[in-house]
Amino acid sequence: MVDFIRFTVNGLVGGSFYALLALGLAVIFGMLRVVNFAHGAFYMLGAFGAYMFVNEFGLDFWLALAVVPVALGLVGIVIERAFVHRLTRLDPLYNFLLTFGLTLILQDVVKARYTVSSVTIPPPYPLAADANLGLFHFPAYRVFVFVFAVAVCAGVWWLLARTRIGMVVRASTERPELTRAFGIDVSRWVTPVFGFGIGLAALSGVLAAPTRAISPLMGADLIIVVFAVVVIGGLGSIFGSVLAGFAIGLIQAWGEAYAPAIVSQVLVFLVMAGVLLWRPSGLFGREEQMA
Amino acid sequence: MTTQTDLKPARRPPVGPLLGRVARLPKAGQAGLLALGVGVAVWLPNGIYSGVAMDMLCWALFAVSVDLLLGYTGLLSFGHAAFWGTAAYSTALLAVHAHVVFPIAVLAGAGASAVLALPIGYLAVRRTGIYFAMVTLAFAQMVYYVANEWRSVTGGENGLQGVPRELFGLDLSDTYYLYYAALPIAAAGLFAAWRIVNSPFGRVLVSIRDNPARTRALGYSVRRYKITAFVLSAFLAGLGGGLFAIAHGFVSLDTVHWTTSGEAVIVVVLGGIGTLWGGVIGSVLLVWLEDRLSVAGFTLVGLITGSIFVVVVLAFRRGIWGTVRALFHRERDGRR
Amino acid sequence: MRRTIGALAACTVGVLFVAGCGGGPSKPAGQLSNNKIVLAVLNDQSGVYSALSGKNSVAAVNMAVEDFKAKYGANAITQNVEVITADHQNKPDVASTKATEMYDRNNADIILDVPTSSAALAVADIAKQKKKLYFNIGAASTDLTGVKCNKYTFHYAYDTWELAHSTGTTLTNSGAKSWYIIYPNYAFGQDMNKNFTEAIKAAGGAVVASDGTPFPNQTGDYSTQLLKASTLTPSPDTLGVMQAGADLVNVVKQYNEFKLKDKGIKLAVGLMFITDIHSLTPDALTGTTFTEPWYWNFDATNRAFADRFFAKTGARPTFANAANYSAALQYLEAVQAANTDDADTIVKQLEGKSVNDLFLRNGTIRAADHNVVHDAYLAQVKASSDVKEPWDYEKILNTIPAAQAFGPPSSACTM
């Protein structure tokens, strides 16, 4: 039983990354109708940012956690203004393709600098030890990741539910034309929200950096799983995407612990297939255009 | 229930204004270009390394299959490597274990891809647009993981090796001769694509691309047409994949990886969405470019292809062939 | 429509006719094909193994060519010795294509290196097809001298049997009685798991459990397995880790993070390179024992080579660099002795030969399976306080004689 709880905690930690990435993806999609393929690349850049801070500049990890997402969020804003903005009046497929091209470029740029082998950084200072969770011990940093991710999701929920910008984002997500018809200048918020979404991806990356290998390809396969997650949760639903992220993390951890290797890898896609059969717009999604 | 289709002008399909007319060049021009194309295809292995020429053939089929869906049905399949790779593995298995003659093996491989396309297509067409792309990508990733795990069949990370080139005892070990033996198959595939597009079926596809609601109102089963197009496209991609397996004598997990799917899309966009031959041109260019880069020892291929892609998507969406045709039409009727 | 079909049919017939008349290019007469010797180094120059072998191995091969020319001077069979190289990015399909190109387009007489087992096996097939020589140095799979063995393929430096029976046996003999093995779930990893399990059992130990981890590993997260290690009954005293490269770096990091050492679970690494120690820093791996095919600071001969190498490249040679040097030199010597570069003649020249050079100590090029056996070493990672100069990470505990280091020829090999 204790083992099961331990694997569950592990799954929640893994799910935290999916949830944060899905959150950023859903937020960007909500405002811009852009599915950001480069989300995984920014996750990777966030992790490398943390590595640079800790290993090359010799600074504190916590400083990286504060600075890197903001810095990359600003990069996201620049990208939105320079590239994404030009294509938003066209079919969203073009922006999907654009962000795919950006992913290839970003991956190779990092590959040129760091090669495909990975680098690592240790868990940050006060959390390097084990936490006593009552029934068992667990690496403290990983517990922190879960708590922090939940806090971020809660914070974003608060932003969406209780602030004006949140209201604008939610309205634009559900009824973009109607929102504009009310005289709200949606476009003013598009760029900052895109930057915010990118910042969330980078934040995921910084959080992930002490727990796994940092390599230029680390975001690539992960983002495809996150796509499946948001299809399951419903891309138009921010809440659904986050919930699906944690759920998939759990399912994968249980699958890895109790079933042969292939199961945990394809599970998310099988669930996606099931959702497509039963509720094509996702578990929490809204009915969008149907074929 | 108002959908966003009616309200938002940006819901236009990803093709230029010209292509809705199934634009064509004048007959004489068409015949001339066809002759030129055939001439180049027949001459090719004499001018460049035959291995590269073979790759161009295979990728031309792949690109055309993606364009059939993207340019003519309005469906961006971002997981077509699933079909390219499945056919490659199937063809290779038949050649290695049953010593099947390679044209039959290739056709069977393509058939296997078509069979795989049925359930995937059935599920995927329940969404449209960007969702469709994400769903195809996800299913293709699943195929990748299955291929990776099913080691006894696919060889997993080691890949399938020693794929023979069987053709009634003829010696095809020099790729120069394999190219000519494979050329009829590739030509047949390209011809089939052309026939599909220039047929009533193809017209319905274009109609679905431009206005699904109206097409449905006219009594066509949009879903069934989409699935059919998806399966046909998978078969074509499979033809390319099967030939690829025979040409390289080797099938690896790379054939089902998402970067391969992405490359196919890049090639179509570069050549020109909805032009069919644009895909051929795009694939010839990309295969040639990658060969030059690899000979020069430059490994950051993604940087180059990604940059080309970004530039094309931002500024050059009609693609190469699309631009050529647009020039023609601008002459004819002064419309941009 | 009918005309089109007719055209297609004619095309097909014409093509088949041409194909039938075709045949391979005829072999030019003369001592040396194309009047030169072309050495091709095919390895990873941008990925996980680029530090281990990569461009430095090309430098090593160039050193071998220099030494060959210096030794024979004007009597060398030819001064026209070319070294070409390509990057296979650890991908078997790229390796396969590049190998074909090197043999066909560049007239390579021999291909050297090729790390990553899947790429190595692919090139073995090509070598067999093209009937040209191939010395594999960087890959570990025993299949190269087993089911995939062929006349033109030689396996030079190390294999999974050697790793298992050196590391596994020694550690079991010195107290590691119950093991939990984790391995990457592909050919190499499964091979390692099999060989290690055999070796451990033969030495009187037991494998409590073994788990495959997804490969390629998308998340780099081994927490499930590491948690399992501490919850197994009976509790293992050793964690056997078969991951390589970036995956190894990950596992070791997380091993330290989960504090398994404090829980009494020691770390044993199946395959480790000096470059991994360099990436992780010695502190992360202090005390870990592993099998090393060759160490630069082992004796004066190695040190002399290492100094020359350092002057040229600014780095200390890894075993792969030294093996490439040795393989290139052995090939050139064989060509000189046989007075031709004809592959079949060279193969006969090499089979059964005993060699003692920089890399091969008490070495033999076995005729039965073309496995090049030699002495290996049991090494231990020093604490960073003991490291006196850069790259001086290893302490050699003992030498494993060639007869013990490599397994007997496999019955699966038929040449």
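Protein chains get the first letters and strands the later ones, always in sequence-line order, with residue 1 at the start of each.
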Quiz item: Counting heavy atoms not belonging to A:F182, are there more than 12 under 6.0 Å from its CZ?
Solution: no
Quiz prompt | Nearest-0.5 Å distance that lies between atom CD1 in B:I130 and atom CG in A:D91 | solution = 7.5 Å
Quiz item: To the nearest 0.5 Å, what is the distance between CG (B:L300) and CD (A:Q107)?
Solution: 11.5 Å
Self-check item: Most contacts with chain B, counted as non-hydrogen pairs under 4.5 angstrom, among A:L87, A:V231, A:V109
Solution: A:L87
Quiz item: At a heavy-atom separation under 4.5 Å, does A:I105 approach chain B through its side chain, its backbone, both, or neither?
Solution: both
Practice problem: Applying side chain to side chain contact (heavy atoms under 4.5 Å, CB included), run through B:R317 and A:L90 and close with a yes or a no. | Solution: CA-CA 11 Å; B:R317 275 182 294 281; A:L90 299 174; 3.3 Å; yes
Exercise. Using a 4.5 Å cut-off on heavy atoms from C-beta on, say whether the side chain of A:L277 contacts that of B:Y122.
Key: yes
Quiz item: Rounded to the nearest 0.5 Å, how far does CG of B:L314 lie from CG of A:L98?
Solution: 5.0 Å
Practice problem: Go through the steps to decide whether B:V135 and A:F269 satisfy the test side chain to side chain contact (heavy atoms under 4.5 Å, CB included), and finish with yes or no. | Solution: CA-CA 9 Å; B:V135 166; A:F269 304 115; over 6 Å; no
Quiz item: Between B:W258 and A:F37, is a ring pair (Phe, Tyr, Trp, His ring centres under 6.0 Å) present by the stated rule, with each step listed?
Solution: CA-CA 12 Å; B:W258 61 267; A:F37 200 104; 5.6 Å; yes
Quiz item: Of all of A:V35, A:L97, A:L270, which one pairs up most often with chain B through heavy atoms under 4.5 Å apart?
Solution: A:L97
Practice problem: Begin from the C-alpha positions of B:L76 and A:F96 and carry the test side chain to side chain contact (heavy atoms under 4.5 Å, CB included) through to its verdict. | Solution: CA-CA 10 Å; B:L76 171 63; A:F96 183 67; 4.0 Å; yes
Practice problem: Go through the steps for A:V230 and B:M134 under the test side chain to side chain contact (heavy atoms under 4.5 Å, CB included), then give the verdict. | Solution: CA-CA 10 Å; A:V230 296; B:M134 285 163 61; 3.5 Å; yes
Practice problem: Please tell me if the side chains of B:Q141 and A:F227 come closer than 4.5 Å, counting only heavy atoms from C-beta onward. | Solution: no
Quiz item: Which answer fits A:L106, side chain, backbone, both or neither, if we ask what part of it has an atom under 4.5 Å from a heavy atom of chain B?
Solution: neither
Quiz item: Where is the tightest heavy-atom contact between A:L276 and B:R126, given as atom of each residue plus distance?
Solution: O-NE, 2.8 Å
Practice problem: State, yes or no, whether a side-chain contact exists between B:V301 and A:L104 at a heavy-atom distance under 4.5 Å. | Solution: no
Exercise. Using side-chain contact (heavy atoms from CB on, under 4.5 Å) as the criterion, point out the one residue from B:I266, B:V313, B:V310, B:V265 that pairs with A:F100.
Key: B:I266
Quiz prompt | Gap between atom CG of B:L303 and atom CG of A:D108 - 0.5 Å precision | solution = 5.5 Å
Quiz item: Is chain A contacted by the side chain of B:F132, its backbone, both, or neither, given a heavy-atom distance below 4.5 Å?
Solution: neither
